[in-house]
Every structure is written in structure tokens, then in C-alpha cells.
Amino acid sequence: MLLQTEPVQAFVALGANLGDAAQTLRHTLQALAALPGSTLGLCSPLYRSAPVDSSGPDYVNAVVELFTCLSAPDLLMQLQKCEHAAGRERPYRNAPRTLDLDLLLYGSGRIDSAQLTVPHPRMHQRAFVLLPLADIAPERVSPVLLAAVQGQCLERID
């Protein structure tokens, strides 16, 4: 793992719908703050949303800002370690999960590899990503994008 000298502002979406999802997300904030070369920035409120392209209980979602010296692939690897530590299993696509961490934005970078796509390819279609992101980084979410997801049900829970 190589650390860059200057931190990059990244945004990470958090979601869970198994177990005590809200508590899992709160615990995950501590894990993200402890990542090597990283500092936790702003955190959105928690939101509840119905599963999209999935089944199971409602999700609890949030978005956090992270200043990190990790490269995008190394950050992704660390996020996947956090998921694994929370008991994440991947029995099939879009299965209910104990923790889901998605790298939404990594500075102004664009990445398109087999392992990682940044900006996240579906973030603009999801109210449970855009509204929490707008809470902490309104300059990153246009009114047009927010209007496009306004019909999706989302409830702020904290």
C-alpha cells in the first residue's frame, strides 16, 4: 500500500439492511476514521430507504467525506476489508447485506477499470446517495440530479 503525499477528498456511501443497520453504520465511521493516511470529514444524517433492485428489509444509508492519502484502489481494498469485518457476504448480486461501502468520488478523478469505476456509475440514479451527498457537499449535486430522483422515497432517521 502506497500513500500519496497530499490527501484527496473522497466520498463514500454507506448502506446496510441486515442486523442493527444504524449501529453498523455508526461503528463503520470509526473504522473509516482509522484507515491509514485518512481523516474522516463530514458525515450526512442517516436515511432509511426501500431496497432498489433488491429485496429484504429497508436500508439505512449515509454518505461520508474522507480525506485520504490512499490511492483509489487501496481505498477500495480498505473499504472491502471493512465490509468483510462487518460480516458482508455476496451470495448473489444485490443480496441483502450487513454493510455496503461504495466509493462515489475520488477527488476529481475518473477511473474505469475492471475493479473500480469512479464516479460511481449508478450514484446519479439513487436518492439514497444523492440526498446524503447533497447534505455534506451540495456543490457536488446539481438541482437537476436531485429533481430526477425526487420520486424515490427516502426518510431521514437521525
Side-chain angles (χ1 to χ4, degrees), residues 7-68 70 72 74-107 116-143 145-158:
V8 173
Q9 181 190 42
F11 291 92
V12 178
L14 294 80
N17 75 332
L18 295 177
D20 186 342
Q23 184 58 32
T24 298
L25 295 193
R26 289 184 190 102
H27 182 265
T28 300
L29 294 177
Q30 296 170 11
L32 294 175
L35 291 179
S38 301
T39 304
L40 192 61
L42 298 174
C43 180
S44 77
L46 299 180
Y47 287 88
R48 181 182 333 278
S49 65
V52 175
D53 299 329
S54 180
S55 61
D58 285 351
Y59 277 83
V60 176
N61 302 98
V63 171
V64 299
E65 175 186 45
L66 193 66
F67 295 95
T68 186
L70 294 169
D74 283 339
L75 178 55
L76 176 64
M77 182 181 69
Q78 293 296 322
L79 296 177
Q80 290 172 340
K81 284 182 180 180
C82 289
E83 290 176 339
H84 182 73
R88 169 83 187 258
E89 296 179 359
R90 299 172 190 264
Y92 54 90
R93 184 170 165 77
N94 296 326
R97 53 204 68 167
T98 54
L99 181 62
D100 184 32
L101 298 174
D102 289 328
L103 181 55
L104 302 175
L105 300 167
Y106 184 82
L116 179 61
T117 303
V118 174
H120 189 283
R122 292 174 303 284
M123 67 181 271
H124 299 99
Q125 303 165 357
R126 298 173 169 173
F128 64 82
V129 171
L130 291 179
L131 288 172
L133 179 59
D135 285 337
I136 61 172
E139 72 283 359
R140 297 290 198 133
V141 184
S142 76
L145 291 175
L146 288 174
V149 298
Q150 71 182 3
Q152 297 176 24
C153 186
L154 196 65
E155 175 191 2
R156 187 172 167 166
I157 58 174
D158 78 343

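- If you take CD on Glu139 and CG on Leu133, they are separated by 8.0 Å, rounding to the nearest 0.5 Å.
- A donor-acceptor pair under 3.5 Å links the side-chain atoms of Gln152 to the main chain of Gln125, judged by distance alone.
- The shortest non-hydrogen separation linking Thr98 to Ala16 is O-CB, 3.1 Å.
- In this structure the side chain of Arg140 never reaches within 4.5 angstrom of the side chain of Glu65, judged on heavy atoms.
- At least one donor-acceptor pair under 3.5 Å links the side chain of Glu83 to the backbone N or O of Leu101.
- When every heavy atom of Ile136 is checked against every heavy atom of Val63, the shortest pair comes out as CD1-O, 3.5 Å.
- Taking all atoms of both residues into account, the shortest heavy-atom contact from Leu29 to Leu40 is O-CD2, 3.7 Å.
- Counting all heavy atoms, side chain and backbone alike, Gly56 lies closest to Pro51 at O-CG, 3.4 Å.
- Rounding to the nearest 0.5 Å gives a distance of 11.0 Å between SG of Cys43 and CG of Leu66.
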Gln80 vs Leu76, side chain to side chain contact (heavy atoms under 4.5 Å, CB included): CA-CA, chis, key distance, verdict | CA-CA 6 Å; Gln80 290 172 340; Leu76 176 64; 3.9 Å; yes
Walk me through it: do Arg26 and Leu46 pass the test side chain to side chain contact (heavy atoms under 4.5 Å, CB included)?
-> CA-CA 9 Å; Arg26 289 184 190 102; Leu46 299 180; 3.6 Å; yes
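- Atoms OG1 and CG, from Thr28 and Leu79 in turn, are 10.0 Å apart once rounded to the nearest 0.5 Å.
- In this structure, Leu154 and Val149 have side chains that are not in contact, with every pair of non-hydrogen atoms separated by 4.5 Å or more.
- Heavy atoms only, all atoms of each residue included: Leu32 and Ser38 are closest at O-CB, 4.4 Å.
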Please walk me through it: do Leu35 and Thr68 pass side chain to side chain contact (heavy atoms under 4.5 Å, CB included)?
-> CA-CA 8 Å; Leu35 291 179; Thr68 186; 6.0 Å; no
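- Leu104 CG to His124 NE2: the interatomic distance, rounded to the nearest 0.5 Å, is 9.0 Å.
- Here the CG atom belonging to Leu14 is positioned 8.0 Å from the OG atom belonging to Ser44, to the nearest 0.5 angstrom.
- Residues Val60 and Thr24 fail the side-chain proximity criterion, which asks for heavy atoms closer than 4.5 Å.
- Distance check, rounded to the nearest 0.5 Å: CG of Leu131 to CG of Leu146 gives 6.0 Å.
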Between Val129 and Asp102, does a side chain to side chain contact (heavy atoms under 4.5 Å, CB included) hold up when you go through it step by step?
-> CA-CA 10 Å; Val129 171; Asp102 289 328; over 6 Å; no
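- Closest approach of Asn17 and Pro57 over heavy atoms only: ND2-O, 3.0 Å.
- The shortest side-chain heavy-atom distance between Met123 and Leu105 falls under the 4.5 Å cut-off.
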